[in-house]
Each structure stands twice: as structure tokens, then as C-alpha cells.
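Hydrogens, waters and symmetry mates are skipped; everything else that's a heavy atom, side chains included, is used.
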Amino acid sequence: MEDEKPFQETGNPDWMSCLPEELQDVPLWDLALPGSHDSMSFCLDVSSPVLRSQPCILRATDRLFPCWTRPCVSSWATTQQSVLSDQCELGVRFLDLRIARKPSGGNKLFFAHGIYTLMTVKEALDELANWLDAHPKEILIISCSHFESLTDEDHFHLAEFIITLFGKKLCPPQDIPTLRSCWSRGQQVVVSYGNQQMVLQHPELWTGIPYWYADSPDPNKVIAYLEDQKHRGRPAGFYVSGLNLTEDAPYVLLHPLQGMKKMTMRALSLLLHWASEQLPGREAGRVNILCCDFVAVSQFCSLVIGLNYKLLGAHPPPV
């Protein structure tokens, strides 16, 4: 395709277990971790309606011209192309899961970005659990958020499912997670849950992780925003710097064929250059989780993983 890079990420399935020993006692929020923005958007369902939380102009257009609106929204809302296990194989260790209840989905929960997904929450989390079994020294941060149209009962059942599925693999927020401490306890999963009531009821769940994003289609404004945020000081624990671009509803409707991928690929070299200059660590101005769109079509994951070697004054191994 004309908007593809001539190379693709080769994969970093076990990069945490390969980090130098000097980094194994560093809190995970002081390491650089690759993340995927809107991780489940690779399987959007063009037969589903536009979300109720979307702007009125999109919902009105969807009611009148669904066969045109939904493919348009899908092309702009699709920010990943790889299934979750493949994202993990690439090196992604932060997953941005935006959960929703479909109007006609029965008791099943799905994901959403503009429109709903084909894959259910249970299917996706089962896939991650199986991947973790195959990679016992890798640690995932799973961010559950947005919760479009979920009821209190939905939250209760979802939290119970997560806790039952991952069991002893869950790292509780009372701990300071390092690679060595997680390995010693068999812990592989940090689950942040963007509903404080559930967090208070379930000590295994972490509170929502701050996600910095500029809400702009201009990569220069994205970088300026992230730089400004850095100068304000970093959160004490996990936090995300979003390299993702965003568009508003009128632009989407006026440019239905352009799509998010084309816009992202034009900006990617500038965004990745900024990322390559960052440092992880606890000091002000340091980065932790970096999130990007279309993680499989660049060396984003390898670049972010390589930032950790700066803590040692060393060069990362060749990819």
C-alpha cells in the first residue's frame, strides 16, 4: 500500500526478560513501555450503530445514511491492524481497552471506538491470558476504560471475570511492581479500571492510569502538548504519553476516504523522532508508557524498548 512504511516491526515477544539485570529492580513506572492506542480497534463492526456518546452530527448522519456513515467512521476509528496477541509479540505492554455494551449485544460486552467491535471482552481477555501463559516473564498493563452504557451489574460481572481469569497473575496496587518482584510472585498483569467504585470494592484493581493526549490532528501540536505536560511534572506512578492524532466529527464527514492510517503515516516520522529523544525514569520530564497508533507498521516498539538502555548509558541490542 502506498501509505505503508517499507519496513515493519520484527517483534519483541520476550523483551522484559532480556533487559539487563540492573533494570530488574526499577519500578515499572520508571521504565519505558510501548503501548497501543485503542488496542481493539482492529475489529470494528461496520454493521453496528455509531456510539451514543458520539457527536450529534455523526449520530444523525448514521440514522439517515448508515451504509455510508459506518464505513467512514470505521476508517477513522481504526487505529490498529493486529490482534492483541500479535501486538504483545511486537512488544506492546500497555493495552488500551475501551469497553462498551452493544444495544443488541445481549449480556456480552464488547469494545468500542466510534462504533462497536466484533470481538467480545471475554474473547480478548482469554487471548491475553493464553499469551501470558506462553510468556511467563512478561508483564502486561491492561487499562479498562470508557465503559459505554455499562450498568452496575455489568461492572460487577466484568470485575469478577477479570479477577477469576488472571487470579494469582494479578499484581495488586499495594505493591511497587518491578520485574524481579513480579517474577518472584508469578505476577504478570496490572489491571487499571476506570470506575472508582469497582476499584474500592476490589483491591486487586488499580485506579485509572492518566493518559496525556493533545486532541489534535497536527503532530507538531501533539509534541508541543506533551512537552508542556512534561514541564508540569510527571505523575508518581504509571502514566501514558499519547502519540496519537485525533480528528473531530465534521472533518471525518468531509474526508471520509482519507482515514486515520493515512493521516498517521504522514506524521509518524516526526512523532517517532520525538519519542527517540525521551528518557524514562522517575525525574520530572521523564516518560513511562508511550502509546501509538498502528504499532505494527513502524519500529515504534523497538524504539521505546531501547529507551530503557539509556538508564544504563548503554546502547540497545540491534533489532
Side-chain angles (χ1 to χ4, degrees), residues 9 11-37 39-40 80 82-97 99 111 119-145 158-194 198-199 202-209 211 237-240 280 288-291 295 301-302 304-305 307-308:
E9 184 69 84
N12 304 279
D14 297 289
W15 69 265
M16 286 180 155
S17 64
C18 296
L19 284 180
E21 187 174 354
E22 301 93 314
L23 298 179
Q24 293 174 10
D25 293 310
V26 175
L28 294 182
W29 48 68
D30 292 334
L31 295 177
L33 308 175
S36 58
H37 168 244
S39 306
M40 289 299 302
Q80 304 298 337
S82 305
V83 300
L84 292 185
S85 57
D86 285 350
Q87 292 181 37
C88 294
E89 290 283 313
L90 292 170
V92 166
R93 294 297 177 266
F94 173 89
L95 295 161
D96 175 20
L97 304 185
I99 297 172
F111 304 93
M119 185 176 283
T120 67
V121 170
K122 183 181 184 303
E123 290 169 335
L125 294 180
D126 280 340
E127 181 182 346
L128 292 177
N130 289 331
W131 188 87
L132 288 167
D133 286 340
H135 301 271
K137 298 187 82 173
E138 299 302 299
I139 299 157
L140 296 180
I141 302 167
I142 300 173
S143 173
C144 301
S145 66
L158 176 56
E160 290 295 318
F161 176 76
I162 289 170
I163 292 165
T164 301
L165 176 66
F166 293 114
K168 293 181 180 179
K169 285 187 172 69
L170 288 169
C171 175
Q174 297 79 17
D175 296 341
I176 297 177
T178 67
L179 290 173
R180 198 186 308 275
S181 70
C182 289
W183 294 342
S184 68
R185 300 168 186 150
Q187 296 170 347
Q188 290 185 269
V189 190
V190 169
V191 176
S192 81
Y193 201 92
M198 288 295 103
V199 172
H202 299 280
E204 303 91 342
L205 303 178
W206 294 62
T207 192
I209 293 174
Y211 193 118
F238 293 112
Y239 85 100
V240 180
N288 174 212
I289 301 163
L290 293 171
C291 267
V295 294
C301 289
S302 295
V304 174
I305 294 164
L307 298 179
N308 292 299

Residues which pass side-chain hydrogen bond (donor to acceptor under 3.5 Å, both in side chains) with Ser17, listed by chain and number, not counting sequence neighbours: none
Gln87: partners by side-chain hydrogen bond (donor to acceptor under 3.5 Å, both in side chains), with sequence neighbours left out: Ser36
Asp175 vs Gln187 side-chain heavy atoms within contact, under 4.5 Å: yes
Main-chain N/O of Cys88 paired with Arg93 side-chain donor or acceptor, under 3.5 Å: yes
4.5 Å side-chain heavy-atom contact, Asp14 and Glu138: yes
Nearest atoms (heavy-atom pairs only) where Cys171 meets Pro177: SG-CB, 3.8 Å
Contact summary for Asp86 and Ser82, nearest pair of heavy atoms: CB-CB, 4.0 Å
Heavy-atom donor-acceptor pair, Asn288 side chain to Val240 backbone, under 3.5 Å: no
Under the salt bridge (charged side-chain N to carboxylate O under 4.0 Å, His left out) test, residues paired with Lys137 that sit two or more places apart: none
Single hit among Val190, Leu170, Val191 for side chain to side chain contact (heavy atoms under 4.5 Å, CB included) with Leu205: Val191
Nearest-0.5 Å distance, CZ of residue Phe111 to SG of residue Cys144: 7.5 Å
For Val92 against Leu140, the heavy-atom pair lying closest together: O-CD2, 3.9 Å
Pairing residues for Leu165 by the side chain to side chain contact (heavy atoms under 4.5 Å, CB included) criterion, not counting sequence neighbours: Leu125, Asp126, Ala129, Phe161
Spacing of Ser143 atom OG and Tyr193 atom OH [to the nearest 0.5 Å]: 11.5 Å
Candidates Leu33, Asp96, Val304 - the one meeting side chain to side chain contact (heavy atoms under 4.5 Å, CB included) with Ile289: Leu33
Spacing of CZ belonging to Phe94 relative to CZ belonging to Phe238, to within rounding of 0.5 Å: 10.0 Å
By side-chain hydrogen bond (donor to acceptor under 3.5 Å, both in side chains) - contacts of Trp131 (at least two apart): Glu89, His135
Closest non-hydrogen atom pair, Leu84 against Ala124: CD1-CB, 3.8 Å
Leu307 and Leu290, any side-chain heavy atoms less than 4.5 Å apart: yes
Atom pair CD/CG of Glu127 and Leu132 - distance to nearest 0.5 Å: 11.0 Å
Residues which pass salt bridge (charged side-chain N to carboxylate O under 4.0 Å, His left out) with Asp30, listed by chain and number, not counting sequence neighbours: Arg234, Arg282
Atom CD of Gln174: over 12 foreign heavy atoms under 6.0 Å: yes
Interatomic spacing from CG in Asp133 to NZ in Lys169 - rounded to 0.5 Å: 4.0 Å
Non-hydrogen atoms of Gly91 and Cys301 that approach each other most closely: C-SG, 4.2 Å
Side chain to side chain contact (heavy atoms under 4.5 Å, CB included) between Glu160 and His202, worked out: CA-CA 9 Å; Glu160 290 295 318; His202 299 280; 3.0 Å; yes
Whether Asn12 side chain and Leu90 backbone form a donor-acceptor pair below 3.5 Å: yes
Aromatic ring pairing Trp29/Trp206, orientation class (parallel under 30°, perpendicular over 60°, tilted between): perpendicular
Whether Gln80 side chain and Val295 backbone form a donor-acceptor pair below 3.5 Å: yes
Separation between SG of Cys182 and CD1 of Ile139, rounded to the nearest 0.5 Å: 4.0 Å
